[in-house]
Amino acid sequence: MEIPKTYDPRAVENKWYAHWLKHKFFKSTPDEREPYTIVIPPPNVTGVLHMGHMLNNTIQDVLIRRARLQGKNACWVPGTDHASIATEAKVVAMLKEQGINKTDLTREEFLEHAWKWKEKYGGIILKQLEKLGASCDWDRTSFTMDEPLSEAVIDVFIDLYNKGQIYRGVRMVNWDPQGLTAVSDEEVIHKEVNSKLYYVRYKIEGSADEWITIATTRPETILGDTAVCVHPDDERYKHLKGKRCIIPMVNRSVPVIFDEYITMEFGTGALKVTPAHDINDYNLGVKHNLEIIDTIAADGKMSAAAKFYIGEDRFTVRKKIAKDLEELGHIVKVEDIKNKVGYSERTSAVIEPKLSMQWFLKMDTVSKPALENVVNGEIKLIPEKFINTYKHWMENVHDWCISRQLWWGQRIPAWYDEKGKTVVCKTREEAIAKLGTQDVRQDEDVLDTWFSSWLWPISVFDPKVFGADKNYKGNADINYYYPTNDLVTAPEILFFWVARMIIAGYEYKEAKPFTNVYLTGIVRDKQGRKMSKSLGNSPDPIDLIEKYGADGVRVGMLLCSPAGNDLPFDESYCEQGRNFSNKIWNAFRLVKMWETSSAAQPQANKVATEWFEARFNEQLEIINDLYSKYRISEALMATYKLVWDDFCAWYLEMIKPEFVDGKSLPIDQTTYDATINFFEKILKVMHPFMPFITEEIWSLIKDRKEKENIIIAEWPEVKAADKNLLAMFEVISATIAEVRNVRNNKGISPKEKLSLYLKSKSEDKENLFDEIIIKLANLDKFEITENKIENSISFMVKHFEFYVPFLSAININEEKTRINKEIEYNKGFLQSVEKKLSNEKFVQNAKAEVIEIEKKKQADAESKIKALEEQLASLG
RNA sequence: GGGAGCUUAGCUCAGCUGGUUCAGAGCAUCUGCCUUACAAGCAGAGGGUCACUGGUUCGAACCCAGUAGUUCCCA
């Protein structure tokens with residue numbers, strides 16, 4: 001059989017993914033095994049796969065595949081969320097292209113278009129996950145607006161309303177003038193920007209020429225001012241008590257009020273108060289009973305109440321009014337200033353604080369168990385540093401604005417009669433009965449998308465949990481899979497989503513939704529910028545997969561992703577991943593090429609197999625431990641080194657048969673069998689990271705039965721590792737490296753055979769497995785000598801002293817310098833050890849073991865120096 | 001403005017309760033090799049006053065205080 005020299009992932013990956021699907025290896029149904037469950041953070045239905053998804057889902061797949069190998073009933077539930085704002089915006093844009101205005105459609109017509117859009121484009125991202133190898137149970141694919149899940153959302157709204165946790169009220173909300181909806185506090189991104197601070201003077205009412213100067217970054221809101229506020233202790237303004245001033249342009253008389261809220265040092269110490277357009281001003285307004293004049297309409301343009309610039313955008317007006325005030329003589333000065341401005345997470349529009357009627361969920365009581373159970377470790381955040389952030393947020397949590405002025409989403413089940421009387425119930429019929437009139441109107445708004453996805457870990461298994469029947473015990477799925485095990489997500493949605501899922505878990509299942517929350521880093525480009533579509537600095541993951549193979553990209557992603565740390569992504573990591581694929585592929589080619597013989601197993605091969613067995617067990621234990629701590633990138637690195645260094649570079653080289661007359665000699669059957677067994681084991685350990693290539697090699701390395709696939713194989717068990725053997729191998733490998741070093745330094749070809757002598761009186765060389773050293777160091781002999789060898793290069797490994805004799809004369813001076821340097825180093829070291837040991841306080845305070853160690857260091861250094869000095873003397 | 005974290009080799013990161021031959025790994029770099037598994041490779045090597053300053057200690061990358069830089073969260 002001819003095996004290509006380089007591994008080609010393309011054909012292999014499609015083939016195996018189809019095979020896994022065909023045999024339903026990803027499918028999970030409750031049984032007697034231990035469950036291992038992950039629910040996917042549902043990607044946005046409008047989304048296409050980006051590097052963040054790539055990282056996130058690779059980690060989930062690694063965890064799921066390993067659990068599956070460990071014999072657990074692994075269930076990874078996929079799905080998408082309906083992303084109300086983003087999707088509605090997409091659909092509106094699409095309709096616009098077709099010449100249709102949203103405002104010309106009825107709600108039902110619009111939703112019909114939206115659903116069509118969803119059917120057409122909504123599945124793209126899930127298809128892309130297949131390319132990556134994601135082993136989700138696709139039969140369980142959920143969507144937050146699926147009928148049963150939507151019903152669950154409505155049930156929850158009604159339930160919380162009935163419990164008095166949901167209320168409706170006029171509040172200052174974060175208004176997105178582009179999306180034309182309120183957004184929650186968490187959806188506002190504050191950014192520092194360069195602004196101007198305008199100093200504007202207002203005339204004191206009834207005075208000839210007395211003024212009060214305020215400072216503002218938003219002069220366009222002057223038209224809505226209903227007071228000017230100063231600090232009661234401010235000497236500059238004490239005389240204005242009881243006075244009023246005149247708002248320019250609109251010529252409105254407003255009071256000068258006094259409040260300790262004011263920072264005297266900022267600006268002039270006098271604050272203009274616009275209760276309709278600033279949350280702090282709003283609070284002042286409530287306190288001082290001020291008039292509220294809403295001068296900015298929902299679309300960010302000036303309303304009729306403003307009286308000027310009606311219909312013009314707030315930012316245009318900012319420039320115009322500054323100019324007009326200047327002309328009227330009201331501008332005192334203008335300064336440059338840096339201030340924070342809120343932007344909508346969804347549309348990037350500048351958020352406008354706006355008073356409006358919204359629905360809120362009270363957070364104080366429902367959030368209690370969610371705080372408690374993270375602080376006490378019942379739910380673990382990985383890395384732990386996020387507990388601080390989480391705690392801080394939960395302790396200062398605000399009520400959650402859950403209504404959105406959109407059509408795409410679950411419509412709020414609140415009904416009003418013509419007088420505005422409100423009932424909350426599931427159907428119009430119920431509402432009619434309760435309100436006692438046919439004339440009922442349902443609330444126009446929908447619920448925040450997170451108000452769906454906070455139920456996700458429950459609703460994907462059993463949406464009926466939220467139903468009215470309080471005695472409902474749950475279906476087989478929820479009782480088996482819940483609580484789920486791990487959640488893998490980005491820290492940016494810790495509050496949006498994670499915290500709220502925990503709240504819902506305790507509220508509706510009296511149990512946590514998951515045990516571990518693994519928070520990944522943010523994928524950044526080389527310059528440290530977050531990868532985003534708008535910056536165009538993100539590679540297309542699908543292109544990367546084409547180029548390096550899914551296995552290569554998976555490895556590449558994980559190599560640079562310690563938990564919770566951002567990862568500055570670079571394609572070269574994928575290259576490293578691809579190279580790793582190729583390495584294991586070629587190891588496979590080598591082994592596959594061998595023919596076997598019935599000859600007895602040579603001693604060297606026996607030792608080699610025993611060593612690798614020990615090494616494998618030692619490393620597997622480390623790898624298991626790293627997994628248990630969710631140190632995934634380190635588990636990968638340990639796996640990488642086990643495969644590349646230990647298996648390929650050492651083990652295979654040790655047992656590799658010689659090439660004679662253009663043909664490999666056969667290998668003995670015992671060693672061959674052991675090697676295949678090792679190969680299978682390392683493939684299993686690699687499989688979570690590199691599912692495709694491991695499945696391919698697994699299928700080729702041995703005759704397999706139908707459905708005998710690595711994806712459902714068993715994770716190897718750790719057996720005791722022979723510590724002595726491992727220690728001895730350290731000496732062997734160091735010896736081989738020293739000989740190779742001699743070659744390199746002296747410019748001797750690797751093909752030229754050398755001799756090696758060990759200075760020893762005893763027979764301890766036997767333990768050094770001479771055959772292996774002879775083979776890997778390319779020696780013609782390896783012997784014991786009682787005396788030093790003339791004209792040779794010497795080196796030491798531990799307490800062993802070696803000689804490599806030379807036919808040609810060696811440069812004595814060079815050797816002397818080298819040995820002297822080494823003596824010097826060892827003497828310096830010895831000195832530091834002796835200094836420690838002669839320090840009374842050290843001897844008194846240090847632990848006995850530590851002192852023992854120091855004494856051993858002393859003895860070792862002394863004997864080494866002695867040996868080196870003898871070598872030096874022998875050089876004359 | 002308040003809070004949290006980070007700063008170790010050119011890059012990305014390890015370094016457990018302070019104590020094994022004067023800090024480890026991968027990549028990158030340099031040198032030599034196209035040695036019939038792999039040049040997407042092999043063999044070897046170099047590279048760090050552990051951000052800075054001070055303190056505690058017999059002993060500090062690790063503990064404490066301060067300074068600087070940086071990231072994130074909240075307002």
Side-chain angles (χ1 to χ4, degrees), chain A residues 3 5-7 185-186 190 263 266 279-280 340 342 383 385-393 395-396 398 491-492 494-495 522 524 526 528 548 552 559-562 564-570 572-573 575-594 626 629 631 633-634 636-638 640-641 644 648-649 652-653 656 659 662-664 736-745 747-751 776 778 798 825-826 828-833 835-847 849-854 856-858 860-861 864:
Chain A
I3 308 168
K5 224 169 146 173
T6 46
Y7 171 66
D185 291 344
E186 290 70 36
H190 295 273
T263 311
F266 183 79
I279 180 66
N280 297 310
K340 293 274 181 93
K385 66 177 177 186
F386 286 106
I387 294 175
N388 284 332
T389 325
Y390 180 87
K391 200 170 160 234
H392 186 259
W393 188 77
E395 283 170 350
N396 298 287
H398 297 127
E492 27 191 23
L494 187 57
F495 309 128
I522 294 164
R524 295 176 184 280
K526 264 185 163 172
Y548 300 104
L559 277 173
C560 56
S561 62
N565 273 14
D566 287 357
L567 48 142
F569 179 79
D570 190 272
S572 66
Y573 288 111
E575 204 177 315
Q576 195 183 345
R578 179 202 57 184
N579 293 354
F580 188 37
S581 300
N582 203 46
K583 183 70 190 176
I584 191 69
W585 182 251
N586 277 287
F588 160 68
R589 283 180 68 215
L590 173 68
V591 171
K592 199 65 193 168
M593 199 174 70
W594 290 338
L626 290 168
K629 293 175 177 140
R631 302 176 78 143
S633 65
E634 287 175 64
L636 170 60
M637 189 43 70
Y640 180 92
K641 286 196 278 188
W644 198 308
C648 295
L652 289 180
E653 290 301 329
K656 186 158 93 178
F659 242 84
K663 205 171 171 287
S664 170
I736 293 165
E738 285 286 0
V739 176
R740 285 170 173 170
N741 196 6
V742 168
R743 265 182 214 287
N744 252 300
N745 287 339
I748 304 161
S749 156
K751 287 175 191 162
L776 297 192
N778 194 23
K798 293 259 165 78
Y825 164 84
N826 277 287
F829 175 72
L830 180 63
Q831 233 175 18
S832 78
V833 175
K835 198 174 146 198
K836 252 192 220 180
L837 284 169
S838 62
N839 182 330
E840 255 178 61
K841 284 187 175 170
F842 172 72
V843 181
Q844 272 167 21
N845 295 325
K847 277 184 280 184
E849 310 133 55
V850 175
I851 294 171
E852 270 316 296
I853 288 161
E854 291 301 317
K856 186 159 185 308
K857 282 195 221 168
Q858 184 184 31
D860 285 353
K864 198 154 191 177

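Chain A is the first sequence line, chain B the second, and so forth, proteins listed ahead of strands; every chain is numbered from 1.
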Whole-Å gap separating C1' (A75(B)) and NE2 (His392(A)): 9 Å
Of Thr389(A) and Val833(A), the one whose nearest nucleotide on RNA chain B sits closer to the 5' end is Val833(A)
Roughly, in whole Å, what's the span from CG in Leu626(A) to P in G15(B)? 10 Å
Using atom P of each nucleotide, how far apart are G48(B) and A23(B) to the nearest Å? 11 Å
Value in whole Å for how far the P atom of C38(B) lies from CD1 of Ile584(A): 15 Å
Taking 4.0 Å as the cut-off, does a side-chain nitrogen or oxygen of Lys5(A) come that near to OP1 or OP2 on A37(B)? no
With C1' as the reference atom in both, quote the distance from G3(B) to A14(B) in angstrom, rounded to an integer. 28 Å
Atom P, compared across U12(B) and G59(B): separation rounded to whole Å: 35 Å
Asn388(A): partners by side-chain hydrogen bond (donor to acceptor under 3.5 Å, both in side chains), with sequence neighbours left out: none
Those residues that, when tested against Lys751(A), pass side-chain contact (heavy atoms from CB on, under 4.5 Å) (two or more places apart): Ser749(A)
Listing for RNA chain B: consecutive Watson-Crick or G-U pair runs of at least 3, distance cutoff 3.5 Å, ranges ordered by first number, gives B:1-7 with B:68-74, B:10-13 with B:24-27, B:29-33 with B:41-45, B:51-55 with B:63-67
Residues in salt bridge (charged side-chain N to carboxylate O under 4.0 Å, His left out) with Lys629(A), at least two apart? Asp625(A)
As a test of reading the structure: which of G44(B), A14(B), G5(B) is closest to the side chain of Arg740(A), going by heavy atoms? G44(B)
Measure from CE on Met637(A) to P on C13(B) and round the result to the nearest Å. 13 Å
Mind checking side-chain hydrogen bond (donor to acceptor under 3.5 Å, both in side chains) for Asn579(A) and listing every partner two or more places apart, or none if nothing turns up? none
Measuring only the C1' atom in each nucleotide, how far is U70(B) from A60(B)? A whole number of Å is fine. 24 Å
At what distance, to the nearest 0.5 angstrom, does CD1 of Ile851(A) lie from CD of Gln858(A)? 12.5 Å
CE (Met637(A)) and CG (Leu626(A)) are apart, to the nearest 0.5 Å, by 11.5 Å
Hey, mind stepping through Ile584(A) and Tyr7(A) against side-chain contact (heavy atoms from CB on, under 4.5 Å) and telling me if it holds? CA-CA 9 Å; Ile584(A) 191 69; Tyr7(A) 171 66; over 6 Å; no
Counting just side-chain N and O atoms, does Arg578(A) come under 4.0 Å of either OP1 or OP2 of A40(B)? no
Do the side chains of Arg743(A) and Asn778(A) get nearer than 4.5 Å, heavy atoms only? yes
For Phe580(A) and C38(B), give me the distance from atom CZ to atom C1', rounded to whole Å. 13 Å
Arg589(A) side chain near A40(B) phosphate (N/O to OP1/OP2, under 4.0 Å): no
With B for base contact, S for sugar-phosphate-only contact and - for none (protein heavy atoms under 4.0 Å), nucleotides 27-33 of chain B reads S------
Per Lys641(A) side chain, nearest of listed nucleotides A25(B), A37(B), A14(B): A25(B)
How far does the C1' atom of U56(B) sit from the matching atom of G1(B), given to the nearest Å? 34 Å
Roughly how far, to the nearest 0.5 Å, is CD1 of Ile736(A) from CG of Asn741(A)? 13.5 Å
For Tyr640(A) and Phe580(A), take the angle between the two ring planes, folded into 0 to 90°, and tell me which bin it lands in: parallel under 30, tilted 30 to 60, perpendicular over 60. tilted
Using the test salt bridge (charged side-chain N to carboxylate O under 4.0 Å, His left out), find all partners of Glu634(A) that sit at least two apart in sequence or belong to another chain. Arg631(A)
Looking at Glu653(A) and A43(B), is any side-chain donor or acceptor paired with a base atom of the opposite kind under 3.5 Å? no
Under the side-chain hydrogen bond (donor to acceptor under 3.5 Å, both in side chains) rule, collect the residues that match up with Lys391(A), sequence neighbours excluded. none
What's the CD1-C1' distance between Ile387(A) and A4(B), to the nearest Å? 13 Å
How far does the C1' atom of G41(B) sit from the matching atom of U35(B), given to the nearest Å? 11 Å
Can you name the ring pair (Phe, Tyr, Trp, His ring centres under 6.0 Å) partners of Phe495(A), sequence neighbours left out? Trp393(A)
For nucleotides 57-64 of chain B, just jot down a letter per nucleotide in 5' to 3' order: B, S or -, based on protein non-hydrogen atoms under 4.0 Å. -B------
G2(B) and U67(B), which share atom name P, separated by this distance in whole Å: 13 Å
Tell me, with the steps shown, if Leu494(A) and Tyr390(A) meet side-chain contact (heavy atoms from CB on, under 4.5 Å). CA-CA 7 Å; Leu494(A) 187 57; Tyr390(A) 180 87; 4.3 Å; yes
Only counting residues at least two apart or in another chain, list the ones meeting side-chain contact (heavy atoms from CB on, under 4.5 Å) with Glu653(A). Lys656(A), Leu776(A)
5'-most contact on RNA chain B: Trp393(A) or Ala587(A), nearest heavy atom basis? Ala587(A)
Looking at the side chain of Asn741(A), which of C38(B), G26(B), A45(B) is the nearest nucleotide? A45(B)
What interatomic distance, in whole Å, is found between C1' of A4(B) and the corresponding atom of G44(B)? 46 Å
Nearest-Å distance for atom pair CZ/P, residues Arg743(A) and A43(B): 13 Å
Closest to side chain of Ala737(A), choosing from G41(B), G44(B), U12(B): G44(B)
Hey, could you give me the SG/CD distance between Cys560(A) and Gln576(A), rounded to the nearest 0.5 Å? 9.5 Å
Take nucleotides 46-51 of chain B nucleotide by nucleotide from the 5' end and write B, S or -, depending on whether a protein heavy atom sits under 4.0 Å from the base, only from the sugar-phosphate, or from neither. ------
In whole Å, what is the span from the CD1 atom of Ile736(A) to the P atom of A43(B)? 11 Å
Nearest to the side chain of Lys583(A), heavy atoms from C-beta on, is which of C42(B), U35(B), C73(B)? C42(B)
